[in-house]
Each structure stands twice: as C-alpha cells, then as structure tokens.
Enquirer: 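Before I ask anything, here is the structure I am working with.
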Amino acid sequence: MLPDGMLKGRNMMETPIFLFTGFLDSGKTLFIKDTLEDEEFRNDEKILIIACEEGEEEFDEELLAQWRTRVVYLDSEEELTEDFFIECQKNYQPDKIILEYNGMWRLEKLFSVKMPKDWVLAQMITTVNADGFDLYLNNMRSLVMEQFQETDMVIFNRCDENTKKASYRRSVKAINPKAQVYFENADGSPSEPDESLPFDINQDTIEIEDTDFGVWYVDAMDNPQKYDEKTVKMRVQVYKSLKMPATSFVPGRFAMTCCVDDIRFIGPLCHATPTLAPKVKGLKKRQWIYLTAKVKVEYAALYKGEGPVLYTEKIEPASEPEEKVVYFN
C-alpha cells in the first residue's frame with residue numbers, strides 16, 4: 001500500500017512528473033514497481049518511466065506493456081537535455097512521467113533543464129536505505145541535503161531495532177519541515193519511530209532544556225496543535241531582520257542538522273505583547289535571553305501556512321550556554 005499523500009490530483013491539461021530520488025539500491029525501483037501496481041495511480045493512462053540508473057531490481061517490460069507503460073534509460077548526466085525531453089514527448093506522448101533519478105547526479109542539473117511546457121513536477125519522493133544512511137551523511141552529505149531540501153516525502157526502508165528513526169526523522173524535518181517521513185522494516189511493513197519527548201508537555205509551563213531545543217522545534221513545527229495555548233520557557237538567541245516588524249523576532253538556536261557543515265539558525269516566529277513591545281524593540285541580534293511565551297497556532301508568512309507563533313510573556317537576560325549548537329538526536 002502506498003503512503004498517504006502519494007497520489008496527487010492534477011490539472012488534466014498537465015503532464016505530471018513523479019520524481020524518485022535516492023542513492024543506488026535505496027529502493028527506488030522497487031517503490032516504483034509497487035506504485036505501478038496501484039490501479040488508481042495507473043488509471044489506464046500512458047506512463048513513461050525515465051530511468052537514470054540500473055540497480056539490482058529490474059522492470060518487467062512485458063508487464064509494463066500491459067499497463068501502457070514504457071521505459072527509457074539514460075546512461076549519463078549529459079543526456080539530460082531539453083532535446084531529450086522533447087523527443088520523449090514526441091515519441092511517447094505520456095499522460096504521466098516517472099523519473100527515476102540517479103542519486104549521484106545533482107538535482108540542480110535536472111531543475112535547470114527546460115521541460116515541455118505541459119510537464120509539471122507533481123511530487124518528489126526520496127528513498128533511503130536506513131542501513132547506509134550514516135555512511136551517506138559522512139561521505140555524500142551535500143547530495144543528501146539537496147534531496148531532503150527539495151523532497152515531498154522521505155521513505156527510510158530496511159529498518160530494524162537499531163535504526164535511529166526518531167533522530168533521522170528530526171534531521172529531515174529540520175531541513176524540510178513540510179516533508180512527510182515514513183519508515184519501513186525489511187519485510188516492507190511500516191515502522192513507527194519512538195516519539196517520546198524529553199520534556200513534559202502537560203506542565204503549566206513547558207521548560208525546554210538547552211539540549212532539547214532542536215527536539216522541541218521539530219515537534220512544534222510538525223505538530224503545532226499539540227502546543228496551542230500552552231506556555232513554553234527556553235534559553236534562546238535573538239534573530240531580528242529589517243523585513244520584520246520591530247516588535248517581532250525569531251527566538252532560536254544554531255542547529256547542526258546532520259553534520260558540522262550543515263549548521264543553520266532555527267526558531268519559531270515570536271511577537272511582542274503590548275506590555276513587552278518596548279523590551280522586544282530593544283533586543284539585539286544574537287543576544288541571549290530566557291523567553292517565556294504562549295504558543296498560538298496561526299498563519300504566518302514565514303511558514304507559508306499555519307504554525308506555532310509565540311507571544312511574549314516574560315523576557316529575562318541570559319548568559320551563553322556551554323554548548324551553543326543544538327542537535328536532533
């Protein structure tokens with residue numbers, strides 16, 4: 001069964017592209033085969049698979065023919081050209097396109113190529129072999145980060161009892177909060193991460209320890225309703241921008257999402273209540289404070305939708321913590 005959100009509606013005048021990314025033997029081809037077995041996805045339409053690498057799994061072209069599906073193979077990145085895609089449209093006139101991308105090729109290259117005017121990226125799905133994820137991070141982190149930043153869905157497969165599912169999920173969410181993250185065992189059955197939190201959300205004031213800020217941020221962005229109308233207290237660093245009102249700021253921390261080279265500032269939007277507006281106006285960029293604030297779930301342009309918006313209740317001076325960078329373990 002496909003994960004929720006796999007099938008997307010579309011304008012009938014458009015030709016949707018379903019882009020599958022991930023490294024060799026990450027399970028892309030197997031996932032594509034499972035996808036094609038879904039009659040709702042096929043919908044008796046002409047489907048073109050553009051395969052940019054060949055792994056152990058192979059397509060059964062006789063079966064694909066029964067499903068009105070054809071495969072075109074690419075051997076090199078240089079073949080990804082506007083002329084190639086024009087020829088695909090001319091020769092196959094597909095209703096849907098599945099693009100199985102080579103995990104060693106930059107997505108930047110694909111996105112720079114002009115497509116036929118009706119071709120539209122409908123969804124990007126990234127598959128990850130959980131057994132080798134740490135190795136990929138250590139050796140090919142820029143490619144991993146690029147895939148996570150752009151994807152709509154990440155599927156970690158071949159999980160077992162030693163897989164750091166909660167940590168992996170937070171790593172993805174820290175880079176791309178909108179991405180859906182799923183885990184599968186070796187037999188293909190779903191596997192849920194341990195989402196126990198290191199703080200008590202039932203306290204009158206939820207106190208977030210320095211080491212837990214990354215965990216809280218990811219959980220609050222992913223499940224904002226859980227914190228609606230709750231009060232939180234944390235030590236944070238102030239980020240202010242000229243694009244923001246003087247009475248607004250981002251209280252956050254520098255966080256290492258996956259490795260040393262991927263440190264970035266993260267934090268929610270915060271508005272001053274009237275009584276604290278003068279104090280917020282006087283805050284300096286990178287200043288350390290203890291912030292007590294009420295969380296409300298609201299629309300914010302920063303989130304491009306609804307998310308946790310903080311309203312100041314108390315601001316106190318704070319010293320720098322011993323460890324200024326937070327993690328997602």
Side-chain angles (χ1 to χ4, degrees), residues 1-7 18-42 49 51-61 63-64 67 69 71 98-105 107 123-141 143-176 179-197 215 218-219 222 257-259 327-329:
M1 181 179 293
L2 301 179
D4 292 339
M6 176 62 213
L7 302 175
F18 293 87
L19 174 60
F20 288 79
T21 66
F23 296 107
L24 187 66
D25 294 330
S26 67
K28 293 192 300 291
T29 303
L30 183 60
F31 192 86
I32 290 170
K33 290 163 74 172
D34 288 344
T35 300
L36 287 169
E37 288 179 359
D38 190 298
E39 292 184 8
E40 183 182 353
F41 179 84
R42 295 199 312 273
I49 300 172
C52 300
E53 64 182 4
E54 293 186 66
E56 292 183 4
E57 285 285 335
E58 297 181 353
F59 292 109
D60 182 340
E61 298 203 25
L63 180 60
L64 293 184
W67 291 341
T69 299
V71 186
I98 291 176
L99 205 169
E100 183 180 9
Y101 203 60
N102 189 313
M104 299 302 296
W105 299 355
L107 283 167
Q123 197 163 29
M124 177 172 162
I125 301 100
T126 300
T127 54
V128 180
N129 178 352
D131 283 343
F133 183 55
D134 290 331
L135 182 65
Y136 294 139
L137 283 182
N138 291 333
N139 295 284
M140 293 174 281
R141 79 176 160 269
L143 291 170
V144 174
M145 293 299 104
E146 185 185 38
Q147 292 175 18
F148 285 176
Q149 285 172 344
E150 300 293 339
T151 196
D152 296 300
M153 181 186 299
V154 179
I155 300 173
F156 288 88
N157 52 54
R158 295 171 234 186
C159 296
D160 58 30
E161 65 276 6
N162 298 315
T163 302
K164 299 177 288 187
K165 295 190 285 289
S167 177
Y168 291 171
R169 183 178 182 279
R170 289 169 187 147
S171 294
V172 175
K173 288 288 188 174
I175 298 163
N176 183 350
Q180 300 177 66
V181 184
Y182 297 93
F183 297 89
E184 292 182 350
N185 295 314
D187 61 2
S189 61
S191 179
E192 294 298 326
D194 177 9
E195 292 295 350
S196 57
L197 299 171
V215 175
V218 169
D219 194 56
D222 203 28
T257 54
C258 284
C259 48
Y327 307 87
F328 296 90
N329 296 328

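Just the heavy atoms: all of them, side chains too, but no hydrogens, waters or symmetry mates, feed the values below.
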Enquirer: Kindly write out the residues that satisfy ring pair (Phe, Tyr, Trp, His ring centres under 6.0 Å) with Trp105, not counting sequence neighbours, or none if the list is empty.
Expert: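 So Trp105 forms a ring pair (Phe, Tyr, Trp, His ring centres under 6.0 Å) with Tyr101.
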Enquirer: With sequence neighbours left out, write down each residue that passes side-chain contact (heavy atoms from CB on, under 4.5 Å) with Ser189, or none if nothing qualifies.
Expert: Asn185, Asp187
Enquirer: Run the salt bridge (charged side-chain N to carboxylate O under 4.0 Å, His left out) test against Lys164 and tell me which residues pass, sequence neighbours left out.
Expert: Asp134
Enquirer: Which residues pass the side-chain contact (heavy atoms from CB on, under 4.5 Å) test with Asp160, not counting sequence neighbours?
Expert: Asp131, Asn162, Thr163
Enquirer: Could I get the full list of side chain to side chain donor-acceptor pair (under 3.5 Å) partners for Glu61, not counting sequence neighbours?
Expert: none
Enquirer: Does Asp219 have any salt bridge (charged side-chain N to carboxylate O under 4.0 Å, His left out) partners at least two apart in sequence or in another chain, and if so, which?
Expert: Lys226
Enquirer: Assert yes or no for the condition that the ring centre distance of Phe183 to Tyr168 is strictly below 6.0 Å.
Expert: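 No: the rings miss the under 6.0 Å criterion.
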Enquirer: How would you list, by chain and number, every residue that makes a side chain to side chain donor-acceptor pair (under 3.5 Å) with Glu100, sequence neighbours excluded?
Expert: Thr29
Enquirer: With Glu37, which residues qualify under side-chain contact (heavy atoms from CB on, under 4.5 Å), at least two apart?
Expert: Asp34, Trp67
Enquirer: Identify, with sequence neighbours excluded, every residue that meets ring pair (Phe, Tyr, Trp, His ring centres under 6.0 Å) alongside Phe59.
Expert: none
Enquirer: Mind checking what makes side chain to side chain donor-acceptor pair (under 3.5 Å) contact with Glu150, not counting sequence neighbours?
Expert: none
Enquirer: Quick one: list whatever passes side chain to side chain donor-acceptor pair (under 3.5 Å) with Ser26, sequence neighbours left out.
Expert: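 If we apply the side chain to side chain donor-acceptor pair (under 3.5 Å) test to Ser26, skipping adjacent residues, the hits are Thr127.
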Enquirer: Would you call Asn139 and Leu135 a side-chain contact if the rule is heavy atoms closer than 4.5 Å?
Expert: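 Of all side-chain heavy-atom pairs linking Leu135 with Asn139, at least one is under 4.5 Å.
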Enquirer: Test of understanding: with side-chain contact (heavy atoms from CB on, under 4.5 Å), list the residues that count as partners of Tyr136, not counting sequence neighbours.
Expert: Phe23, Met140, Val144
Enquirer: If only atom types and distance count, is the side chain of Lys165 paired as donor or acceptor with the main-chain N or O of Ser191 below 3.5 Å?
Expert: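 Pair absent, no side-chain N/O of Lys165 close to backbone of Ser191.
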